[in-house]
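Every number for a ligand or one of its atoms is a count from 1 in the order of the listing. Worth saying up front: this structure is predicted, and the values here are computed from it rather than measured.
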Amino acid sequence: MLNDKKLILIVDDEEDIREILSETLKSLNFEYLTACDGDEAITLLDQCHDTIDAVICDLKMPKVSGDQVIAHGAQHYPLIPIIILTGFAQLDMALDHIRLGAFDYMTKPFRVKELLLLLNRALEYRQLQEDKIAYQNTLEKRIEEATQALHNRVVQTVSSFILAIEEKDRYTQGHSKRVAEYSGLMAKALNLPEEERLDLLYAAQLHDIGKIGISEHLLNKPGKLNKIEYETIKTHPSKGVKILEPLDFLGHLLPIIEAHHERFDGKGYPKGLAEDNIPFLARIIAVCDTFDAMTSGRSYRKALPLKIAIQELKDGAGSQFDPQVVDAFLNVFEETLELKMLSQGAP
Ligand SMILES: [Fe+2]
């Protein structure tokens, strides 16, 4: 026996049967509760389901019958095994009830040995189910912990790379952080699912990582770049991909990072992708990136006033930028950004 103090609910409308079962269970060192009909059984199940270990249930009872008790138990307390107590005449019905969720059946008159065997089997089965659930919960917890650990690793890696970019290019200090901030607002405005929101945030922070591979002199050069210099700067999206390629847990971000200078009309770089061929998250970063580049100072020019930057985005909708993304950005700007930026002293 698994435990000599298991609590069994006896459900039968015949007082004699309830008494015999009670006495038998008592002699076998079980505890018991009794219900004289289905209605009382359901009430007891609802009140004591945390402590009831198994149910022995008659089928034919006045008012609420055994099948309703079985249906209620199977639906609300599937871990509690229900053993049907039935006469030979109702054997077919008993088998139907097993299909509906009862654990097994026992025919009247029952033998003590048979009752004990059946109860132990039911309780063992319940224990197995509980162990299975506990194991699944442990597994889910471990997966959750592993996901969190991976998330932390991404955050640490991204933070370290940002420090490296900003160390090199003093004019872009805070740029990655701001582009990520705008991207976060866009994710909310566009109602992106959580996974995509995180991808967007990481890619936004890492989009210029390839600048690590461009000379400091070129990145900080005051004045206009010549053609060769500009072509060199244009290699930074592909360089970013090369730098991050060995980190397979960031692999899904590479197409986004590579495409952040693509244009909606196909005239961008490095691949000249257009419209839907540009990853959607890269189209979002393109708008946030350009907006921040315009509204913060560079080695070759001062920050543009907000009004002009917004007009540039509007003018670029459909050519440089995805118009749907520009629309979303304009809403974000009006609702959140404008006031914040003006209060921070933006021109
Ligand atoms: Fe860039």
**OP:** To 10°, measure the NE2(His236)-the Fe ion (ligand 1)-NE2(His260) angle for me.
**Re:** 90°
Original post:
Relative to the Fe ion (ligand 1), which of the N, O or S atoms in Asp208 is the closest?
Top reply: OD1
Original post:
Which distance, rounded to the nearest 0.5 Å, do you find between the OG of Ser22 and the CD1 of Ile10?
Top reply: 3.5 Å
**OP:** Start with the C-alpha distance between His175 and His207, add both sets of side-chain angles, then the distance that settles ring-ring contact (aromatic ring centres under 6.0 Å, His included), and finish with yes or no.
**Re:** CA-CA 10 Å; His175 169 70; His207 72 281; 5.1 Å; yes
Original post:
Looking at the Fe ion (ligand 1), which N/O/S atom of His261 is the nearest one?
Top reply: NE2
Subject >> Asp315 side chain to Gln311 side chain, donor-acceptor N/O pair below 3.5 angstrom >> reply: yes
Original post:
Quick check: does His207 put an N/O/S atom under 2.8 Å from the Fe ion (ligand 1)?
Top reply: no
Original post:
Does the shortest distance from the Fe ion (ligand 1) to an N/O/S atom of Asp289 fall below 2.8 Å?
Top reply: no
Original post:
Salt bridge or not for Asp12 and Arg18, using N-O below 4.0 Å?
Top reply: no
Original post:
Do the charged groups of Glu194 and Arg197 touch, with an N to O distance under 4.0 Å?
Top reply: yes
